Undergrad: 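Can you read through this structure? Questions will come right after.
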Amino acid sequence: MPKLNNHAPTPGAIKTRYLHDAINDTKSRLYSATGVIASITGLTVSQVNDAVRQVLYGTDWLDFPYTPAIKRVRHGEIKRTFHLLGYVGEWRNLTGKPTLAAYLKDRTGAERDHPCVLSLSTHYVAVSGGLFCDVASRGVVVDIDEAKGRRKRVDRVLVLTKRVAPTPIFSRVAIGYTKKTGAGGKLDQLFRKAIKAETGAIRVKITPNEVFIIRHDESGWYWLGSRNSVEDLILRPQPNGRLRGDTDEAASYRKAMGE
């Protein structure tokens, strides 16, 4: 049986002229609505999906015999999800539905530097200052001059101008990953140290299914592989493998795992 975990960002001031790479730690493709929410908040897509589920079903979905899939999300649901996560904003309809290029050029007020969600004719995109993120960039933050689909029409914009206390977001998580104390916590620490030593990473993010890292010369999260495959490379190193497994940290992890 799954246990419950809650996650919500720490409240603070709106961070202007900044976006995060959208980390898709799910098994499905990146969808535009959840992708832009992840880019603005810094949460992973799986965490955003849980927030959307809470908007749609409350906490009742935790009693469902299945986990509801999150694909298309409507304007009002996007706004409510942001509010649940501690972000306040309002949708504004755009007269004449300008092209994306024209809108970006003519922005005024808070829309010039605050994080915004733009509703295009085909999908949602995130913009903050000179930064841009959408599914066409695969969730990677790019300069607005590199944004694709600049001829698409923008019909409305959600500008986020205020932070409030977030609501705890509940999630189903596997029992094996809920406790970080005792032997399990020590193994997790050794696993992280091994990944850092093998890759030169300065930060490591491990989800129940995926491993992400940030290196010194990188600004966003890089997908290293599935958790099982990364662990297998460290426990059973191959001469031509992506991870050689020849560091002291990798050896310590193998010893602790009984390999």
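Excluded from the calculations below are hydrogen atoms, water molecules and symmetry mates; all remaining heavy atoms, backbone and side chain alike, are included. Given the structure is predicted, the values throughout are model-derived calculations rather than measurements. One is the number of the first residue; the rest follow in order along the sequence.
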Undergrad: Which of these, D50, N49, D25, sits in a side-chain hydrogen bond (donor to acceptor under 3.5 Å, both in side chains) with T44?
TA: D25
Undergrad: Using the rule that two of Ile, Leu, Val, Met, Phe, Trp, Tyr join whenever any of their side-chain heavy atoms come within less than 4.5 Å, decide whether L233 and M257 are in one cluster.
TA: yes
Undergrad: Between V140 and V125, is there shared hydrophobic-cluster membership here, with clusters defined by ILVMFWY side-chain heavy atoms closer than 4.5 Å?
TA: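 Looking at the clustering, V125 is in a separate group from V140.
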Undergrad: Taking the six-membered ring of F82, is NZ or CZ of K79 closer than 6.0 Å to its centre and within 45° of its axis?
TA: no
Undergrad: Can you find a pair of side-chain heavy atoms, one from R254 and one from P237, that are under 4.5 Å apart?
TA: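 The answer is yes; the side chains approach within 4.5 Å.
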Undergrad: Check the surroundings of atom NZ in K205: do more than 12 heavy atoms from other residues, nucleotides or ligands lie under 6.0 Å from it?
TA: yes
Undergrad: I213 and A201: which non-hydrogen atoms are nearest, and at how many Å?
TA: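 That closest heavy-atom pairing would be CB-CB, 3.7 Å.
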Undergrad: Do we get R72 above Y31's six-membered ring, with its NZ or CZ under 6.0 Å from the centre and within 45° of the axis?
TA: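 No, a cation-pi geometry is absent between R72 and Y31.
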Undergrad: Less than 4.5 Å apart, any side-chain heavy atom of R53 and any of P68?
TA: yes
Undergrad: I169 and Q47: which non-hydrogen atoms are nearest, and at how many Å?
TA: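 For I169 versus Q47, the nearest heavy atoms are CG2-O, 4.4 Å.
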Undergrad: Report yes if the side chains of W221 and H20 come closer than 4.5 Å at any heavy-atom pair, otherwise no.
TA: no
Undergrad: Tell me the closest heavy-atom pair linking G245 and E198, and the distance in Å.
TA: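 So the two residues come closest at N-OE1, 2.7 Å.
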Undergrad: Are I234 and I206 grouped together when hydrophobic residues (ILVMFWY) are joined by side-chain heavy atoms under 4.5 angstrom apart?
TA: yes
Undergrad: Looking only at side chains, do N228 and S226 share a donor and an acceptor under 3.5 Å apart?
TA: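 Note: N228 and S226 side chains miss the donor-acceptor criterion.
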Undergrad: With sequence neighbours left out, which residue pairs that include part of residues 95-151 fulfil the ring-ring contact (aromatic ring centres under 6.0 Å, His included) condition?
TA: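 As it turns out, the ring-ring contact (aromatic ring centres under 6.0 Å, His included) pairs with a partner in residues 95-151, which skip direct neighbours, are H75-Y124.
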Undergrad: Does R107 use its side chain to pair, donor to acceptor, with the backbone of G129 at less than 3.5 Å?
TA: yes
Undergrad: So do P166 and Y87 actually touch side chain to side chain, heavy atoms under 4.5 Å?
TA: no
Undergrad: Are V230 and I195 close enough that some pair of their side-chain heavy atoms sits under 4.5 Å apart?
TA: yes
Undergrad: Following the transitive rule for hydrophobic clusters with a side-chain heavy-atom cut-off under 4.5 Å over Ile, Leu, Val, Met, Phe, Trp and Tyr, establish whether L84 and I37 coincide in one cluster.
TA: yes
Undergrad: Determine whether a donor-acceptor pair (N or O, by modelled atom type, separation under 3.5 Å) exists between the side chain of R92 and the backbone of V157.
TA: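 Absent.
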Undergrad: Kindly work out whether a path of hydrophobic side-chain contacts (I/L/V/M/F/W/Y, heavy atoms less than 4.5 Å apart) joins L56 to L43.
TA: yes
Undergrad: Might you point out which heavy atoms bring R153 and G96 nearest each other, and give the distance in Å?
TA: NH1-O, 4.3 Å
Undergrad: Specify the closest pair of heavy atoms between L160 and I40, including all atoms of both residues, with the distance to one decimal.
TA: CD1-CG2, 3.8 Å
Undergrad: Ignoring hydrogens and geometry, is there a side-chain-to-backbone donor-acceptor pair from E77 to R74 under 3.5 Å?
TA: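 Looks like yes, one N/O pair under 3.5 Å.
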Undergrad: Work out which heavy atom in R192 is nearest to a heavy atom in V204; give both atom names and the distance.
TA: NH1-O, 2.9 Å
Undergrad: With a 3.5 Å distance limit and no angle check, can you tell me whether S39 reaches the backbone of G35 through a side-chain donor-acceptor pair?
TA: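 Not a single qualifying donor-acceptor pair exists.
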Undergrad: Should we say atom CZ of R138 is surrounded by more than 12 heavy atoms from elsewhere, each under 6.0 Å from it?
TA: no
